[in-house]
Engineer: 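Below is the structure I would like to discuss, written out as structure tokens.
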2 protein chains.
Amino acid sequence: MPTHSEENYIKAIWKLSQGENPVVTTNSIAASVNTKAASVSDMLRKLSEKKLIRYEKYQGVELTASGRKTALSIVRKHRLWEVFLVEKLNYGWDEVHEIAEQLEHIVSDNLVDRLDLFLGHPKVDPHGDPIPDKNGRISDPNGVLLSSIAAGQTVTMTGVTEHSTAFLRYLDNHSIGLGCKMQIEEINSFDFSMNVRIKGRKAITITQAAAKNILVKPERSR
Amino acid sequence: MPTHSEENYIKAIWKLSQGENPVVTTNSIAASVNTKAASVSDMLRKLSEKKLIRYEKYQGVELTASGRKTALSIVRKHRLWEVFLVEKLNYGWDEVHEIAEQLEHIVSDNLVDRLDLFLGHPKVDPHGDPIPDKNGRISDPNGVLLSSIAAGQTVTMTGVTEHSTAFLRYLDNHSIGLGCKMQIEEINSFDFSMNVRIKGRKAITITQAAAKNILVKPERSR
DNA sequence: ATATAAATTTAGGCAAGCCTAAAAAATACA
DNA sequence: TGTATTTTTTAGGCTTGCCTAAATTTATAT
């Protein structure tokens with residue numbers, strides 16, 4: 001049974017190993033779990049002894065199969081609890097992270113199963129992130145960056161790649177959320193901001209900085 | 001902010017201080033939190049420094065107002081989560097204690113408020129124990145021991161004073177639960193076991209040992 | 001290639017919470 | 001009352017997870 005703290009490291013390592021160019025270094029882990037590099041070195045040794053990671057001094061870190069399983073179980077719990085908080089307790093998607101960080105450490109496989117059932121076996125969390133199944137299988141994030149879409153296209157928003165309160169509030173303030181169907185009317189060649197029309201609303205401008213953190217699914221191309 | 005462990009001690013002290021003849025000693029606390037007396041002494045010193053208890057060496061322990069508030073907040077969370085587990089996730093009343101012991105340490109006042117609302121402001125938990133309000137006010141346990149009821153009376157079950165899985169399963173097996181309206185038909189003078197008829201069922205026998213752990217509310221006397 | 005900078009690890013220490021063994025205080029009892 | 005027993009506390013130690021400072025390794029830049 002990993003400790004609370006070990007779970008946080010494992011989850012951090014998993015997260016850092018996701019995406020395009022993974023940077024799983026002692027320093028990046030330290031930043032993720034809010035501690036110092038020296039503490040990370042300590043912990044890496046311990047996790048390595050427990051066979052949760054493969055670790056050679058100075059050579060970087062990788063989860064073992066067992067470590068990955070642990071990570072995905074935590075991610076599953078985190079995301080299911082986020083669904084609970086938003087769907088059942090009416091939290092905003094920008095308010096749930098901290099609480100889910102606590103709830104993800106509750107130990108009871110049975111509880112997770114029942115929660116999953118209670119929530120209707122959701123496939124994604126309130127930010128559009130896929131929820132791993134009980135065997136640790138997880139689907140790919142559904143969508144491409146809005147910033148990569150050409151003018152004229154119509155897309156549906158499926159997720160975000162940034163979970164900060166500030167960013168999520170920004171989207172709320174522009175009434176942009178998961179499932180929004182939007183047409184890219186124009187891309188300003190000056191700053192690459194996008195003029196976007198959300199079905200039946202007046203057009204809005206989305207900065208490139210924001211568009212780089214929005215995942216969308218293009219309309220079936222014609 | 002009390003630690004996880006401090007919260008467990010505070011809750012144990014509160015529990016031990018409830019009821020007829022409270023026995024809040026170093027040893028009884030040690031038994032409650034599954035540790036040794038020496039560890040309790042350590043912790044009592046610490047809790048005393050934090051003004052959560054009044055403590056004189058060898059002279060016993062008492063919660064301060066602040067300590068009591070802390071205790072009741074934990075009890076509130078524990079009992080609300082138990083309601084959630086039973087009402088929403090369909091757990092049996094004998095299965096929820098362990099999980100609630102974990103959930104009670106989740107820190108978020110707002111979460112508790114929303115949970116309370118989501119559950120419809122329940123007054124009691126699945127065992128009939130009163131749920132403290134957000135200000136730490138708690139009502140008295142509702143009922144008297146079934147073992148104190150005279151033959152001929154009709155009563156409604158309102159709670160239990162023992163939460164072991166074994167006892168709760170025993171009640172389940174006899175289809176005895178909160179809200180059962182039962183008539184005491186006879187008390188056997190030999191072993192004080194009770195012949196009880198639950199509305200519209202065949203009579204059953206309840207041993208005195210069991211009756212001492214069942215709380216009931218007598219019918220409005222006539 | 002080598003010096004400097006950056007990243008990482010080791011060494012040594014600290015607080016929390018637990019332990020066992022021993023000492024001290026309180027209680028029981030003869 | 002004085003001794004034996006029980007309860008509680010203290011002393012000393014252990015592990016976890018963190019820290020700072022120093023040493024070591026790797027990367028960078030001239």
Engineer: Without hydrogens or angle criteria, can the side chains of A/W93 and A/D125 be said to hold a donor-acceptor pair below 3.5 Å?
Structural biologist: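 Result is no, nothing qualifies.
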Engineer: Please report, rounded to the nearest Å, how far the P atom of D/dC18 is from the CG atom of A/N8.
Structural biologist: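 Rounded to the whole Å, the gap is 9 Å.
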Engineer: In whole Å, I'd like the distance from the CE atom of B/M1 to the P atom of C/dA16.
Structural biologist: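 Rounding to the nearest Å, CE of B/M1 and P of C/dA16 are 16 Å apart.
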Engineer: Please check: side-chain N/O of B/R54 versus main-chain N/O of B/T64, any donor-acceptor pairing under 3.5 Å?
Structural biologist: no
Engineer: Hey, are the side chains of A/K77 and A/H105 touching, using non-hydrogen atoms and a 4.5 Å cut-off?
Structural biologist: no
Engineer: Along nucleotides 2-14 of chain C, 5' to 3', which nucleotides get a B, which get an S, and which get a -, given that the test is a protein heavy-atom distance under 4.0 Å?
Structural biologist: -----SBBB----
Engineer: If you round to the nearest 0.5 Å, how far is CG of A/L44 from CD of A/E49?
Structural biologist: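 Going from the CD atom of A/E49 to the CG atom of A/L44 covers 11.5 Å.
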Engineer: Once the angle between the rings of A/W81 and B/F84 is folded into 0 to 90°, is it parallel (under 30°), tilted (30 to 60°) or perpendicular (over 60°)?
Structural biologist: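 Tilted, since the angle between the ring planes falls between 30° and 60°.
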Engineer: Can you measure B/M43 atom CE to C/dC19 atom P for me and round it to whole angstrom units?
Structural biologist: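 So the CE-P distance, B/M43 to C/dC19, works out to 11 Å.
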Engineer: For D/dC18, does either OP1 or OP2 sit under 4.0 Å from a side-chain N or O belonging to A/S5?
Structural biologist: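 Indeed, a polar side-chain atom of A/S5 lies that close.
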Engineer: Starting at atom NZ of A/K36, determine the distance to atom C1' of D/dT16, rounded to an integer number of angstrom.
Structural biologist: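 Rounded to whole Å, this separation is 19 Å.
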Engineer: Scan side-chain atoms only and decide if B/T25 and B/S28 contain a donor-acceptor pair under the 3.5 Å cut-off.
Structural biologist: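 The criterion, which ignores hydrogens and geometry beyond distance, is satisfied for B/S28 and B/T25.
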